There are 2 protein chains.
Amino acid sequence: MTFVFNEREKCGSCPIRHRAICARCDEDELTLLEDMKSYQTFEAGQPIIWRGDDLTHFASVVSGIASLSRTLEDGRTQMVGLLLPSDFIGRPGRETVDFDVTAVTEVTLCRFQRRPFEDLVDRVPHIAQRMMEMALDELTAAREWMVLLGRKTAREKIATFLEMIVRRETVPTQSIQEYQLPLTREEIANFLGLTLETISRQLTSLKKDGVVEFIDRRHFRIKDLNALHLASGDDADGGVIV
Amino acid sequence: MTFVFNEREKCGSCPIRHRAICARCDEDELTLLEDMKSYQTFEAGQPIIWRGDDLTHFASVVSGIASLSRTLEDGRTQMVGLLLPSDFIGRPGRETVDFDVTAVTEVTLCRFQRRPFEDLVDRVPHIAQRMMEMALDELTAAREWMVLLGRKTAREKIATFLEMIVRRETVPTQSIQEYQLPLTREEIANFLGLTLETISRQLTSLKKDGVVEFIDRRHFRIKDLNALHLASGDDADGGVIV
DNA sequence: CGCTATCTTGAATCCCTTCAAGTCGCGTGG
DNA sequence: CCACGCGACTTGAAGGGATTCAAGATAGCG
């Protein structure tokens, strides 16, 4: 990571400058954000904020991965989203947080105090416009995940999950690429609405069927991308990629 | 329904004036929308737009209920949301639609052509601000539904569904109120990620347990609101209402 | 009055979970 | 250096909740 998170770092050189809520902002608007922002880093596994907590700050994920989840009273937990760099935490107009936010890896946030930021959202149209776009994108993603949770089999769920990782990280030039699972088996289970044992079983099943191969527990390669897509249940036509 | 959907009806007297995307607009901004809008009505059961179709218009639901759903190639379908009056259809910036939209009851839409409306979103901050709010609200609702789909049992799912109807339609003054199921058993099943037989079985189970009673297949009363809430699985403390 | 769509109920099956017992890998300390 | 311990993971066997398949009941409507 080349970017150093000094408090007074210029937004212009920020790695998420063109994807976060500031994406549409011009230089003057960026200055307003620069004057407000502060950075905070969380270690892997640390809670960032709990459901029901007072929302003192809004924040953008600058680096690392955080999870959004809800756990029922008896311990069942469902992850409802992964927060990647540029993703936003908090909902203008609300005082508290609706879901638990946890650092999955080490996470650095770019934070803004609630009141000043809410004022800014009302004053700077570029921010609301960008947040609308981002919220609508996340809404579509959430709805697609609802289809997975409600209707897909265990095998289809895992295949979809692996495919998501592959789609996000594939570098066009590289042919036989190695991917990393950002989550433990248990976290994957909570993301897919399954148990960790089922995750384990289905991963070995996909391995036996020659779809993926594992370098170690957290690193894998795709041996048959087309079979992976077929297993995801998203298309009947097989969605031939190449 | 007292409101008549004449093409040149004034927005000021529109039933969704203060909840839809126009909620924050002043009189001048409303005039811009008035000049663009046209109404369209769909009969119950009719498709409004299919996944992949060109999005020629954005629209707000003025009256009636529509569903958002996705069906996998082998016929499994998952409803990902219900569109009620004031809810919005379409995503500025996208050319096509991500989910099937179907009229559940008779539905009337207030429509805007894509290009002019997209320009308006960029020019009128009040619209983007309101759409951001609405998208964030829907996002939270979608995520809560993900918890239901991923982690709740059939009984909990149905109890949650009934509770949702009750919360939405309860009139404070009325004590023993009658509620309507807006969906068939099959539609409920597709909403909850279950089969219609399971819906039927769980409804009779809740009936046997004295939680609800049915006037006919589409109308019910709550006999024990507290038991209903307990059955929803959302709180351990039972969330005593009264 | 009967037709058809919707819904209910029953029985068998299955996929995933639950419970339980290992295995693997890695850092720590003897 | 290797034993130890612990967390993460795998694998097996049994059980259960929801589905599937199949009748039958009910209600709305011509």
Side-chain angles (χ1 to χ4, degrees), chain A residues 43-46 67 72 74-78 102 104-105 148-162 180-209 212-220 231 233, chain B residues 43-46 71-72 74-78 102 104-105 148-162 180-209 212-220 231 233:
Chain A
E43 290 167 32
Q46 240 186 308
S67 70
L72 302 178
D74 62 359
R76 286 175 287 177
T77 105
Q78 177 65 50
T102 311
V104 172
T105 65
L148 175 145
L149 291 172
R151 290 303 187 199
K152 288 191 178 180
T153 64
R155 187 185 172 93
E156 288 170 338
K157 285 178 175 182
I158 301 212
T160 305
F161 176 67
L162 293 180
Q180 189 187 21
L181 289 176
L183 307 176
T184 66
R185 302 291 188 264
E186 186 177 18
E187 288 165 337
I188 297 172
N190 289 337
F191 198 25
L192 299 177
L194 296 168
T195 60
L196 67 94
E197 294 95 329
T198 299
I199 302 298
S200 189
R201 274 186 255 272
Q202 293 297 334
L203 283 177
T204 54
S205 166
L206 286 171
K207 189 171 65 183
K208 271 179 191 153
D209 295 346
V212 297
E213 91 189 311
F214 278 84
I215 291 95
D216 62 36
R217 284 167 168 179
R218 289 293 198 107
H219 296 267
F220 66 95
Chain B
E43 291 167 33
Q46 239 186 310
T71 113
L72 302 177
D74 61 1
R76 285 174 288 178
T77 105
Q78 177 64 50
T102 311
V104 171
T105 65
L148 175 145
L149 291 173
R151 290 303 185 199
K152 288 192 177 178
T153 64
R155 178 177 244 258
E156 290 170 337
K157 285 178 175 182
I158 299 212
T160 305
F161 176 67
L162 294 180
Q180 188 187 22
L181 289 176
L183 307 176
T184 66
R185 302 291 187 265
E186 185 176 20
E187 287 165 338
I188 297 171
N190 289 338
F191 198 24
L192 299 176
L194 296 168
T195 61
L196 67 97
E197 293 96 329
T198 300
I199 301 298
S200 188
R201 274 186 255 270
Q202 294 297 334
L203 283 177
T204 54
S205 166
L206 286 171
K207 190 172 64 186
K208 272 178 191 153
D209 296 346
V212 296
E213 95 190 309
F214 278 84
I215 290 96
D216 62 36
R217 284 167 168 177
R218 288 294 197 107
H219 296 266
F220 66 96

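We name chains A, B, ... by the order of the sequence lines, and we start the count at 1 in each one. Below, each value reflects all heavy atoms present in this structure, side chains not excepted, and no hydrogens, waters or symmetry copies. Remember, it's a predicted structure, so these values are computed and weren't measured experimentally.
Considering only side-chain N and O atoms, B/Thr204 lies under 4.0 angstrom from the phosphate OP1 or OP2 of C/dT9. When the side-chain nitrogen and oxygen atoms of B/Thr195 are compared with OP1 and OP2 of D/dA18, none of them lie within a distance under 4.0 Å.
For B/Thr198 and B/Arg151, each mapped to the nucleotide of DNA chain C holding its nearest heavy atom, the one lying further toward the 5' end belongs to B/Thr198.
Comparing D/dT20, C/dT23, C/dC16 by their nearest atom to the side chain of B/Glu197 picks out D/dT20. Between C/dC16, C/dT8, D/dT20, one nucleotide has an atom nearer to the side chain of A/Thr153 than all others, and that is C/dC16. Listed nucleotides C/dT18, C/dT9, D/dG7 differ in distance to A/Arg217; the shortest reach to its side chain belongs to D/dG7.
Backbone-only engagement by B/Leu194 is indicated by non-hydrogen atom pairs under 4.0 Å involving sugar-phosphate atoms exclusively. Contacts of A/Thr184 with the nucleic acid, taken as non-hydrogen atoms under 4.0 Å apart, involve only primed sugar atoms and P, OP1 or OP2. Residue A/Arg185 is in sugar-phosphate contact alone, with no base atom involved, counting any heavy-atom pair closer than 4.0 Å across all strands shown. Within 4.0 Å of A/Arg218, counting heavy atoms only, lie sugar-phosphate atoms of the nucleic acid but no base atom.
B/Leu196 places its CG atom 15 Å from the P atom of D/dA22, with the value rounded to the nearest Å. For the pair A/Ile188 CD1 and D/dA8 P, the computed distance is 13 Å after rounding to whole Å. For the pair A/Glu186 CD and C/dT18 P, the interatomic distance rounds to 12 Å; values are reported in whole Å. To the nearest angstrom, P of C/dA5 lies 15 Å from CD of B/Glu187. Rounded to an integer number of Å, the gap from CZ of A/Arg201 to C1' of D/dA8 is 15 Å. Put simply, CG on B/Leu192 is 12 Å from P on D/dA18, counting in whole angstrom units.
Side-chain atoms of B/Glu187 come within 3.5 Å of backbone atoms of B/Thr184 as a donor-acceptor pair (strictly under, hydrogens ignored). Judged purely by atom type and a 3.5 angstrom limit, B/Gln78 uses its side chain to pair as donor or acceptor with the backbone of B/Phe191. Put simply, the side chain of A/Thr160 gets close to the backbone of A/Glu156: a donor and an acceptor are under 3.5 Å apart. Not a single donor-acceptor pair under 3.5 Å links the side chain of A/Lys207 to the backbone N or O of A/Val212.
If you check the side chains of A/Arg151 and B/Asn190, you find a donor sitting under 3.5 Å from an acceptor.
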